[in-house]
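Report on one structure; see the data block that follows.
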Amino acid sequence: MNYEDVMNLAVRRGFFFRAVDSYPNTPAGFWDYGPLGVAFKNRYLNLWRRYLVKRDEMLEIDTVQIMPKAVFVASGHLSNFTDPKVECSKCHTIYRADKVIEEKVKHAVPEGLKDSEYDALLAENHVLCSNCKNPLSGTKRFNMMFRVGIGPQEEEAYLRPETAQGIFVDVPLLFKTQRIKLPKGIAQVGKSFRNEIAPRQGILRLRELNQAEIEVLFNPEKVDLPKFGAALDYKLNIAQGDVEPTPISVSEAVAQGVIPHKLIGYYLHLIQSFYEKVGIPSSAIRLRKLGDDEKAFYSSVAFDLEVRTSGGWLELVACNYRSDYDLTRHAEVSKTDFTVDDEGVKVLPHIFELSMGIDRSLFALLESAYRVEGERTYLALKPAVAPIQVGVFPLMGKDGLPEEAKKVYELIRDDFEAAYDEGGSIGRRYARSDEAGIPFCVTVDQETLKEGTVTVRERDTKGQVKVKVNELPGWLASQTR
RNA sequence: GCGGCCGUGGUCUAGUGGUUAUGACAGGGGCUUCCCAAGCCUCUAACCGCGGGUCCGAAUCCCGCCGGCCGCACCA
């Protein structure tokens with residue numbers, strides 16, 4: 001089992017499609033969700049809302065995707081989101097300007113210089129391509145953000161590279177209108193855009209991606225609140241570096257300084273337990289603590305929630321302690337007051353973020369659920385995230401069974417994700433539903449007509465139980481929660 | 001972005017210069033059967049990634065582009 005097997009099934013059944021496939025020469029890094037994929041994403045996000053947003057009484061908002069240049073000047077994305085690059089004139093190898101100079105002069109070169117300063121250093125030190133010894137081009141920048149022009153003047157603006165900035169810039173109005181008490185999570189689901197140089201691995205590396213982000217705003221003086229006590233005994237699968245995780249309780253992790261304080265422990269526990277809830281085995285989850293050299297520029301403490309896949313550990317959630325970096329910068333650049341009231345004291349909130357990649361998470365769930373047993377292929381998705389929860393089949397296409405099955409279908413389709421199917425043999429329909437990950441199939445047979453019972457077939461065990469038609473909605477509700 | 005390999009219906013695949021381009025699976029319709037992909041009939045579906053070139057003739061040879069995989073680089 002590997003990436004290709006899973007994607008093959010996902011494309012065949014309509015989870016994902018390559019975007020704009022009908023046109024030739026469509027660039028890589030863009031994928032569409034098919035009908036089953038949309039249902040899957042919706043079910044997954046509903047669980048995210050239930051388990052994180054509602055449970056922790058967060059507020060969900062939905063902000064714009066295009067924002068003016070100034071926002072990204074403040075956020076640091078315009079300067080930090082780019083690397084200075086030079087290219088060999090002959091073999092076209094690309095180097096980072098600072099790194100290639102460092103190699104030649106044997107001492108550290110700052111990352112934040114201007115292009116002209118790098119050019120001067122390159123010339124002074126006669127830096128050549130280390131591959132073919134030919135001259136290098138002048139320093140150029142590649143910005144990972146998509147630039148757009150607003151209005152007839154094409155005023156400089158960008159598609160957001162993360163949904164977080166939309167939350168940050170809304171902080172003053174949120175606090176004026178929502179009677180917010182710290183700490184408070186602000187959540188958002190939406191698209192982000194990153195102009196990757198060479199996206200590979202399909203759905204795992206996208207130029208247009210789906211994120212579900214949570215920005216927890218808190219008073220840095222109050223990180224020891226009673227509500228965080230609920231997680232103290234929870235075992236976090238922490239990995240200090242690229243190693244197997246070692247479970248450690250939140251209280252121990254704080255005591256040992258692995259995590260800065262209880263608040264962060266509490267939210268790491270929420271996100272880890274969310275993935276356990278949606279069906280990733282705990283043994284396949286780790287919270288990898290990032291070293292200083294691999295953290296984002298805005299992050300002071302960072303953990304990546306990663307899941308073990310056939311292609312190695314896959315990063316699904318970036319958990320960053322962004323401190324007051326973002327709000328300080330937005331306050332400076334916008335000249336707006338970003339301090340908020342916390343029990344009578346003015347504070348500039350600190351931020352801990354849980355930035356989830358939705359597309360990757362859905363892939364990880366599919367791969368984790370992918371099973372092959374002989375001829376049979378099925379997705380052992382948990383009923384709570386399965387895109388279709390129940391299939392309804394007449395055993396045969398005669399004797400009034402289709403009519404009766406449609407009645408059963410209509411009885412449940414408003415409250416459940418249900419699909420009706422009368423094509424082919426019953427076995428074939430079971431096989432089809434297995435590939436779509438449908439956990440329960442309801443079959444209407446002669447006994448339905450006589451005794452008012454249906455046969456419910458369970459996907460993973462292939463076991464069958466009889467359920468009375470009038471009790472079916474309640475039975476399904478209890479099984480698919 | 002660099003180097004190597006590759007690109008035929010939704011999926012897998014036959015076909016390496018010559019008539020309407022294989023086959024299977026999947027899918028649609030019909031008959032029949034019915035509790036785990038049965039059988040029969042039938043239909044749909046690829047102008048062979050896109051563009052250009054060589055040739056009387058190109059899926060097949062050449063060039064460019066796009067895409068995929070692997071390695072390097074990149075991954076805020």
Side-chain angles (χ1 to χ4, degrees), chain A residues 2-5 7-14 17-30 34 72 75-83 85-88 90-96 99-100 129 131-132 137 140 142-145 160-162 164-165 192-202 204-207 209 294-299 302 304 311 315 318 320 355 357 373-378 393-399 401 422-435 441-447 454-459 461-464 466:
Chain A
N2 57 34
Y3 175 83
E4 276 186 46
D5 294 333
M7 283 308 282
N8 194 315
L9 172 68
V11 168
R12 233 170 47 231
R13 301 259 72 126
F17 302 118
R18 287 210 36 213
V20 203
D21 186 60
S22 51
Y23 278 71
N25 299 341
T26 299
F30 298 96
F72 301 110
S75 72
H77 284 94
L78 262 180
S79 47
N80 290 309
F81 210 48
T82 60
D83 291 329
K85 287 188 173 142
V86 290
E87 182 177 340
C88 172
K90 189 77 183 271
C91 72
H92 302 291
T93 304
I94 288 185
Y95 301 93
R96 275 197 40 179
K99 292 285 164 63
V100 76
C129 175
N131 195 25
C132 66
S137 69
K140 286 184 184 143
F142 177 73
N143 194 302
M144 299 259 301
M145 288 195 292
R160 62 186 181 194
E162 58 176 1
Q165 297 304 324
S192 290
F193 305 84
R194 299 172 187 184
N195 202 358
E196 300 279 356
I197 295 172
R200 281 201 198 152
Q201 288 227 283
L204 302 184
R205 186 102 170 268
L206 295 168
R207 289 181 162 133
L209 58 130
E294 50 184 352
K295 288 184 308 201
F297 60 86
Y298 46 67
S299 186
D304 278 351
E315 175 193 343
N320 291 305
S355 173
E373 288 171 6
E375 290 290 287
R376 184 162 107 102
T377 300
Y378 66 103
F393 312 146
L395 184 59
M396 290 178 287
K398 59 177 187 180
D399 300 341
L401 295 180
E422 60 175 63
S425 72
I426 191 71
R428 177 173 294 270
R429 281 174 276 163
Y430 285 151
R432 269 200 289 255
S433 65
D434 282 346
E435 281 206 335
C441 291
V442 172
T443 302
V444 168
D445 54 23
Q446 304 292 347
E447 287 184 41
V454 289
T455 305
V456 183
R457 178 262 197 184
E458 202 273 330
R459 176 196 60 210
T461 62
K462 294 160 91 176
Q464 303 193 338
K466 292 278 183 186

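Letters A, B, ... are given to chains in the order of the sequence lines, protein chains preceding strands, and every chain is numbered from 1.
Atom P of B/rC6 sits at a distance of 14 Å from the matching atom of B/rU60, rounded to the whole Å. B/rA59 and B/rC47: their C1' atoms are spaced 11 Å apart (whole Å). Here, B/rC25 and B/rC62 have their P atoms 35 Å apart, quoted to the whole Å. Comparing B/rC35 with B/rA21, their C1' atoms sit 42 Å apart, to the nearest whole Å. Rounded to the nearest Å, the gap between the P atom of B/rC75 and that of B/rU13 is 35 Å. Comparing B/rA14 with B/rC55, their P atoms sit 31 Å apart, to the nearest whole Å. To the nearest whole angstrom, the two P atoms, one in B/rA26 and one in B/rG39, are 9 Å apart. Nucleotides B/rG68 and B/rC61 are separated by 23 Å at their P atoms, to the nearest Å.
Considering all non-hydrogen atoms of both residues, A/Gly423 and A/Arg429 come closest at O-CG, 3.2 Å. Listed here is the closest heavy atom pair of A/Thr377 and A/Asp434: O-CB, 3.8 Å. Residues A/Pro199 and A/Arg207 share a closest heavy-atom pair of CD-NH2, 3.3 Å. A/Tyr3 approaches A/Gly202 most closely through the heavy-atom pair OH-CA, 3.3 Å.
A/Asp445 contributes no side-chain N or O that forms a donor-acceptor pair with the base of B/rC34 under 3.5 Å. Taking only distance into account, the side chain of A/Arg12 never meets the base of B/rC25 through a donor-acceptor pair shorter than 3.5 Å. Between the base of B/rC75 and the side chain of A/Glu196 there is no donor-acceptor pair shorter than 3.5 Å. For A/Tyr430 and B/rC35, a side-chain-to-base donor-acceptor distance below 3.5 Å is present, hydrogens and geometry of angles not being considered. On a pure distance criterion of 3.5 Å, a polar donor-acceptor pair joins the side chain of A/Thr455 and the base of B/rC35. Looking at A/Asn25, its side chain comes within 3.5 Å of the base of B/rG49 through a donor and an acceptor atom.
One can place CG of A/Asn8 at 10 Å from C1' of B/rG10, the figure rounded to the nearest angstrom. Atom-to-atom, CG of A/Leu209 to P of B/rC75 comes out at 16 Å; the value is rounded to the nearest Å. The nearest whole Å value for the distance from the CZ atom in A/Phe17 to the P atom in B/rG9 is 16 Å. A straight line from CZ of A/Arg432 to P of B/rC34 spans 18 Å, rounded to a whole angstrom. At whole-Å resolution of the value, CG in A/Asp5 and P in B/rG68 are 19 Å apart. Regarding A/Glu4, its CD atom lies at a distance of 8 Å from the P atom of B/rC70, rounded to whole Å. Distance A/Arg205 CZ to B/rC69 P: 11 Å, rounded to the nearest Å. Rounded to an integer number of Å, the gap from A/Gln464 CD to B/rC34 P is 16 Å.
A/Gly14 comes within contact range of no nucleotide atom at all, as no heavy-atom separation falls under 4.0 Å. Within the 4.0 angstrom heavy-atom criterion, no nucleotide atom of any strand lies near A/Glu315. In this structure, A/Arg457 reaches the bases: a heavy-atom distance under 4.0 Å links it to at least one base atom across the strands shown.
Using bins of under 30°, 30° to 60° and over 60° for the plane-to-plane angle, the ring pair A/His77/A/Phe72 lands in the perpendicular bin.
Under the Watson-Crick or G-U wobble criterion, with both distances below 3.5 Å, B/rU19 is left unpaired in every strand shown. The base-pairing partner of B/rU33, taking Watson-Crick or G-U wobble contacts with both distances under 3.5 Å, does not exist among the strands shown. Base pairing annotation: B/rC25 forms a Watson-Crick or G-U wobble pair with B/rG10, both donor-acceptor distances under 3.5 Å. B/rG71 and B/rC2 make up a base pair, with Watson-Crick or G-U wobble contacts both under 3.5 Å. In this entry B/rG64 has B/rC50 as its Watson-Crick or G-U wobble partner, both defining distances falling under 3.5 Å.
Between A/Ala28 and A/Asp21, the residue anchored nearer the 5' end of RNA chain B, judged by the nucleotide with its closest heavy atom, is A/Asp21. Residue whose closest nucleotide on RNA chain B sits further toward the 5' end, between A/Arg376 and A/Arg429: A/Arg429.
In the set B/rG10, B/rG49, B/rG28, B/rG49 carries the atom at the smallest distance from any side-chain atom of A/Pro24. Comparing B/rA37, B/rC35, B/rG67 by their nearest atom to the side chain of A/Ala431 picks out B/rA37. For A/Glu435, whose side chain is taken as the heavy atoms from C-beta onward, the closest listed nucleotide among B/rC34, B/rG27, B/rA37 is B/rA37.
Between A/Arg428 and the phosphate of B/rA26, there is a side-chain N or O to OP1/OP2 separation shorter than 4.0 Å. Not one side-chain nitrogen or oxygen of A/Ser425 sits closer than 4.0 Å to the OP1 or OP2 atom of B/rC34. A close approach under 4.0 Å does not occur between any side-chain nitrogen or oxygen of A/Lys398 and OP1 or OP2 of B/rU32. Here A/Arg18 does not reach the OP1 or OP2 of B/rG10: none of its side-chain N or O atoms lies under 4.0 Å away.
Checked for salt-bridge contact, A/Asp445 and A/Lys466 meet the test: a charged N lies under 4.0 Å from a carboxylate O.
Atom CD of A/Gln464 sits in a crowded spot, with more than 12 heavy atoms from other residues, nucleotides or ligands closer than 6.0 Å.
Geometrically, A/Arg459 does not engage A/Tyr378 in a cation-pi contact, judged by NZ or CZ lying under 6.0 Å from the ring centre and within 45° of the ring axis.
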